[in-house]
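A quick write-up on the structure given underneath.
Fair warning: this is a prediction, and the values are worked out from it, not measured in the lab.
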Amino acid sequence: MADVKVFLDAAPGETRGMVFRGGRACALIIHRDDDRPEHRLGARVVGRVARLAPGLHGAFIDLGCGEPFGFLPLGKADRPAEGAKLELLVTAEPRERKGPVLRRLGEAGGELRLLEAGPDVAAILNMLAPGVPVSTGAEAIHAALEAEEEALSGGVIEPGVGLDLAVQRTRALIAVDIDYAPAAGRDSRKGREAVNREGLRQTARLLALKGWGGLVAIDLVGVGLHPETTLSMARQAFADHNGAAIGPLSRFGLLQLSLPWGRTPADERFAAPGALEIGALRRLRLALLTDRAAPRLTLHCSSTSAAILSPWVAQLGPRAHIRPDAAPGVFEIKEG
């Protein structure tokens, strides 16, 4: 795994883990201190059937931590009684104001409770890249910022192969457009195959980084593509996406696949309350690590943000200070 690098940025308020392969971010795990442990991917819980939802082929589950309730998909013959207590596994974290998705493990009794917490960021990194040394400090903060920028990007441009990739998430599906910019002297047929291969690989990487799932429609370059060759490329690209289902290739060069949801999407994390403050805190930590000469660094922000940030800034040591004298949404770091 010489081309694999792993980073862990643990800080007040939030912990981020990043995996880079070949110099590009391919995994971003975000855990916030205020996350409900009952909602974390991989957690085992005891929940109560709050109500059945026949139209959705499932049931809403009270996990004892308030709404949104979890959702348990049910088979035709699976009809637990309302009020029944079940042992459950969290298979997908909350998203779009929906609660976590659950899988039934068996019957249960007693109080609604957390039986086993889901793996923390360090454990997830070890599963993704076993045995790879973990970098921390300023290097990890830089990696966290780079991974965030990529996770929020709308695509990838790779001039070397002529790839122009655009990715967009709608309410119904994820739309992916792979475009080809041929270069003079380049074999057009081989170029299209190369750009489709790299486009599928980059699509798989970006979707994993963003944490997106559901139906994916990929508009490949060219028509009349060889189905087996194209599907083989797709299977290779999405080999690390457990549960990916790849559909047939249409005669118009459209490939459809389905990806399971897992962690809360990164874009929702970045838009959540307190995300701006955590971002400002990360920049302050980076300044403290890279500017050792300054005796004092002050984060200027609004009074509302200062109320959120003050306990965290206090944990950064005597050189870190905060001053509530800026407009809302403004964060500035100054010496003194």
Side-chain angles (χ1 to χ4, degrees), residues 1-45 87-95 100-103 105 114-151 201-213 236-244 259-270 272 275 278 281-282 285-286 289 315:
M1 288 193 176
D3 67 333
V4 180
K5 293 186 177 181
V6 178
F7 303 91
L8 178 64
D9 180 29
E14 180 184 271
T15 298
R16 286 191 189 183
M18 290 70 59
V19 179
F20 281 64
R21 298 182 189 273
R24 304 292 292 269
C26 62
L28 172 60
I29 302 100
I30 302 173
H31 283 181
R32 294 265 171 84
D33 290 356
D34 59 357
D35 288 345
R36 295 174 179 176
E38 298 88 352
H39 288 181
R40 189 162 287 168
L41 187 66
R44 283 197 309 116
V45 296
E87 182 180 339
L88 305 145
L89 178 73
V90 176
T91 60
E93 293 178 347
R95 60 180 175 87
V101 179
L102 309 166
R103 188 174 79 227
L105 298 178
L114 178 69
L115 295 174
E116 183 180 1
D120 61 15
V121 175
I124 296 170
L125 291 175
N126 188 55
M127 287 186 285
L128 293 174
V132 178
V134 178
S135 299
T136 58
E139 193 177 5
I141 297 176
H142 281 297
L145 295 172
E146 183 178 340
E148 177 177 341
E149 183 178 355
E150 277 232 68
R201 193 176 73 85
Q202 292 294 340
T203 297
R205 181 184 68 86
L206 269 184
L207 295 186
L209 191 64
K210 292 173 177 291
W212 288 356
Q236 291 176 17
F238 287 89
D240 292 335
H241 287 250
N242 294 328
L259 300 176
W261 289 96
R263 298 184 182 91
T264 300
D267 52 344
E268 293 185 25
R269 286 289 201 180
F270 300 143
I278 288 176
L281 184 73
R282 178 169 284 105
R285 291 172 47 239
L286 181 59
L289 289 170
Q315 298 180 46

Between CZ on residue R16 and CD1 on residue I278, distance to nearest 0.5 Å = 8.0 Å
Heavy atoms of F238 and T203 approach each other most closely as CZ-CG2, 4.0 Å
Measure from the side-chain N and O atoms of R205 to the backbone N and O of A25, and report whether any donor-acceptor pair falls under 3.5 Å.
-> yes
Rounded to the nearest 0.5 Å, what separation is found between the CD atom of E148 and the CD1 atom of I30?
-> 7.0 Å
With a 4.5 Å heavy-atom cut-off, do V101 and V90 have their side chains touching?
-> no
Spatial distance of atom CG (L88) from atom CD (E38) [nearest 0.5 Å] | 12.0 Å
Interatomic distance, CZ@R40 vs CG@L114, rounded to 0.5 Å, equals 10.0 Å
Listed partners of E87 passing side chain to side chain contact (heavy atoms under 4.5 Å, CB included), at least two apart | R44, L105, A108, L115
Check whether any side-chain N or O of H31 sits under 3.5 Å from a backbone N or O of D120 as a donor-acceptor pair, and report yes or no.
-> no
Starting at CG of D9, measure out to CD1 of I141 and round the result to the nearest 0.5 Å.
-> 5.0 Å
Side-chain touch L286/H142, heavy atoms, less than 4.5 angstrom = yes
Go through the structure and list residues passing side chain to side chain contact (heavy atoms under 4.5 Å, CB included) with L41, not counting sequence neighbours.
-> E93, R263
Nearest-0.5 Å distance, CZ of residue R24 to CD of residue E146 | 8.5 Å
Can you check whether A11's main-chain N or O pairs, donor with acceptor, with R285's side chain at less than 3.5 Å?
-> no
Among all residues two or more places apart in sequence or in another chain, which pass the salt bridge (Lys or Arg N to Asp or Glu O under 4.0 Å) test with D267?
-> R169
D33 atom CG, over 12 foreign heavy atoms within 6.0 Å = yes
Within the side chain of T264, is there an N or O that forms a donor-acceptor pair under 3.5 Å with the backbone of P94?
-> yes
